[in-house]
Amino acid sequence: PIDVNKIDLGIEYSFRFPDPPRHKTTAKAEIRQAADELSKALGGSEVKEETGSGHGHNLSVNYSFTDSEGRKWRVEWDGVTRTYVDGEAINPRKGHIEIPSPKWSPQSTKEVTKLFQTMRNLGKVPRRGAGGAHVNIDLAPLKAMPEKEGARKMVDLLNYFESHREMIQFLWQHPFRQSAAMKLNVSPSLRKKLDDFDGNWDDLGKVLYEEKYFNSFETRKPSYAQLNATALM
């Protein structure tokens, strides 16, 4: 038996701009304001600007703060539209605000309520048709096991997900999100390899890569799948 209230989750919340920003300067100002107000609502620390590529292409806008419980929140710019000239991204615009939660197991809705109320007060709204449940799986407990045992348990999780995939999709995914979180083809070859699997993490990554257990469509990210296992590859 598992007490789900003790399982840490990472949740990504997203909110739309009422007037999508036409350039990075506007987006940065609005995201900074959102981070400041959310930190106040959660009794948090001073907001800091994060460095690094974040969502890639040097277009990142990323702020962070620590709430009253010492947990780190991030407020970022995601889904950015851009134009490419000679391989360089220019004119970043539009997009939305993404707020990844800390790794936590919330025991009440108080922080979530404050989050949504703060964004609503700023005119930032969620869009149901652009979302769904987005759960991040921490591999650390499995990686702490003997290598073959941990890899086999990951295979069991993959098999369990695929066996119940239609019901999980029905419960947690909006129909409009199928291009960004598409179901993957589990070929008879992949199914047999997973059923018979008796290898380590490298072996598992190789199997998943060779069997193309990722989004293989051009213009889409490999991670745009209902279960993103690219970290294993």
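Because the structure is a prediction, the values reported are computed rather than measured.
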For a quick test of your reading: what N or O donor-acceptor pairs under 3.5 Å do the side chains of residues 223-231 make, sequence neighbours left out?
unit_1 : atom_1 : unit_2 : atom_2 : d
Gln226 : OE1    : Arg165 : NH1    : 3.2
Gln226 : NE2    : Gln169 : OE1    : 2.8
Gln226 : NE2    : Gln173 : OE1    : 3.0
Asn228 : OD1    : Thr230 : N      : 3.1
Asn228 : OD1    : Thr230 : OG1    : 2.6

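Using a distance-only test at 3.5 Å, with no hydrogens or angles considered, no donor-acceptor pair links the side chain of Asn121 to the main chain of Thr118. For the pair Ser39 (side chain) and Val47 (backbone), a donor-acceptor distance under 3.5 Å is absent. Side chain of Thr109 to main chain of Val112: no donor-acceptor pair is present (N/O by atom type, distance under 3.5 Å, no hydrogens or angles). Counting only distance, with no hydrogens or angles, the side chain of Arg127 and the backbone of Val125 share no donor-acceptor pair below 3.5 Å. Ser45 places a side-chain N or O within donor-acceptor distance of the main-chain N or O of Thr66, the cut-off being under 3.5 Å.
By the ring pair (Phe, Tyr, Trp, His ring centres under 6.0 Å) test, Phe17 is found to be paired with no residue, residues two or more places apart in sequence or in another chain being considered. Ser64 is linked by a side-chain hydrogen bond (donor to acceptor under 3.5 Å, both in side chains) to Glu50, counting only residues two or more places apart in sequence or in another chain.
Taking the ring axis of Trp77 as reference, the NZ or CZ atom of Lys24 does not stay both within 45° of it and closer than 6.0 Å to the ring centre.
Residues His23 and Thr26 form a side-chain contact, since some pair of their non-hydrogen atoms from C-beta on lies under 4.5 Å apart. The shortest distance between side-chain heavy atoms of Met154 and Trp201 falls below 4.5 Å. Within the 4.5 Å cutoff, side-chain heavy atoms of Ser189 are placed close to those of Glu211. Considering only heavy atoms from C-beta on, Tyr213 comes within 4.5 Å of Glu162 through its side chain. Residues Lys72 and Phe65 fail the side-chain proximity criterion, which asks for heavy atoms closer than 4.5 Å. Here the side chains of Trp73 and Ser101 are in contact, with some heavy-atom distance below 4.5 Å. Under the 4.5 Å side-chain criterion, counting only non-hydrogen atoms from C-beta, Arg152 is in contact with Phe197. The closest side-chain heavy-atom distance from Arg22 to Lys94 is not below 4.5 Å.
Applying the salt bridge (charged side-chain N to carboxylate O under 4.0 Å, His left out) definition to pairs two or more places apart or across chains, those involving residues 117-126 are Glu30-Lys124. Residue pairs satisfying the salt bridge (charged side-chain N to carboxylate O under 4.0 Å, His left out) criterion with at least one member in residues 99-118, sequence neighbours excluded, are listed as follows: Arg71-Glu111, Lys103-Asp138.
Atom CE of Met119 sits about 8.0 Å away from atom CD of Glu37, to the nearest 0.5 Å. If you take CG on Leu158 and CG on Leu204, they are separated by 6.5 Å, rounding to the nearest 0.5 Å. To the nearest 0.5 Å, the span separating CG on Leu42 from CG on Leu115 amounts to 7.5 Å. With rounding to the nearest 0.5 Å, the separation of OG1 in Thr25 from NZ in Lys28 is 8.0 Å. Here Arg74 contributes atom CZ and Ile31 contributes atom CD1; the two are 13.0 Å apart, rounded to the nearest 0.5 Å. With rounding to the nearest 0.5 Å, the separation of NE2 in His164 from CG in Leu171 is 11.5 Å.
Closest of all the heavy-atom pairs between Pro18 and Gly123 is CD-O, 3.3 Å. What you find for Phe214 and Pro222 is that their closest heavy atoms are CB-O, 3.6 Å. Leu208 and Leu232 make their closest contact through CD1-CD1, 3.8 Å (heavy atoms, listed as atom of the first residue, atom of the second, distance). Listed here is the closest heavy atom pair of Ala35 and Tyr63: CB-CB, 3.9 Å. Of all non-hydrogen atoms in Asn215 and Leu184, the two that sit nearest each other are N-CD2, 3.9 Å. Among all heavy-atom pairs drawn from Arg82 and Ala89, the shortest one is CG-CB, 4.0 Å.
Val186 and Met167 fall within a single hydrophobic cluster, where Ile, Leu, Val, Met, Phe, Trp and Tyr are joined by side-chain heavy atoms under 4.5 Å apart, directly or via other members. In the hydrophobic cluster analysis, where Ile, Leu, Val, Met, Phe, Trp and Tyr join through side-chain heavy atoms closer than 4.5 angstrom, Leu194 is grouped apart from Tyr160. In terms of hydrophobic clustering, with Ile, Leu, Val, Met, Phe, Trp and Tyr side chains grouped at heavy-atom distances under 4.5 Å, Trp104 and Val75 are assigned to a common cluster.
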**OP:** Determine, stepwise, if the pair Ile99 / Glu76 fulfils side-chain contact (heavy atoms from CB on, under 4.5 Å).
**Re:** CA-CA 6 Å; Ile99 304 178; Glu76 307 172 345; over 6 Å; no
task = Determine, stepwise, if the pair Leu157 / Lys153 fulfils side-chain contact (heavy atoms from CB on, under 4.5 Å).
result = CA-CA 6 Å; Leu157 187 147; Lys153 285 186 178 294; over 6 Å; no
task = Show your working on side-chain contact (heavy atoms from CB on, under 4.5 Å) between Lys148 and Asp198 and close with a plain yes or no.
result = CA-CA 7 Å; Lys148 280 194 170 185; Asp198 185 33; 3.9 Å; yes
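Sparse packing is recorded around CD of Glu46, with 12 or fewer heavy atoms of other residues, nucleotides or ligands lying under 6.0 Å away. No more than 12 heavy atoms of other residues, nucleotides or ligands sit less than 6.0 Å from atom OH of Tyr209. For Phe161, the CZ atom is densely surrounded, since the number of other residues' heavy atoms within 6.0 Å is greater than 12.
Residues Val85 make up the rest of the hydrophobic cluster containing Ile90, defined by ILVMFWY side-chain heavy atoms closer than 4.5 Å, directly or through other members.
Taking the charged nitrogens against the carboxylate oxygens, Arg191 and Asp195 have no contact shorter than 4.0 Å, which rules out a salt bridge. For Asp196 and Lys192, the salt-bridge test passes: some basic side-chain N is under 4.0 Å from an acidic carboxylate O. Electrostatic pairing of Lys206 and Asp202 does not count as a salt bridge here, judged by no charged N lying under 4.0 Å from a carboxylate O.
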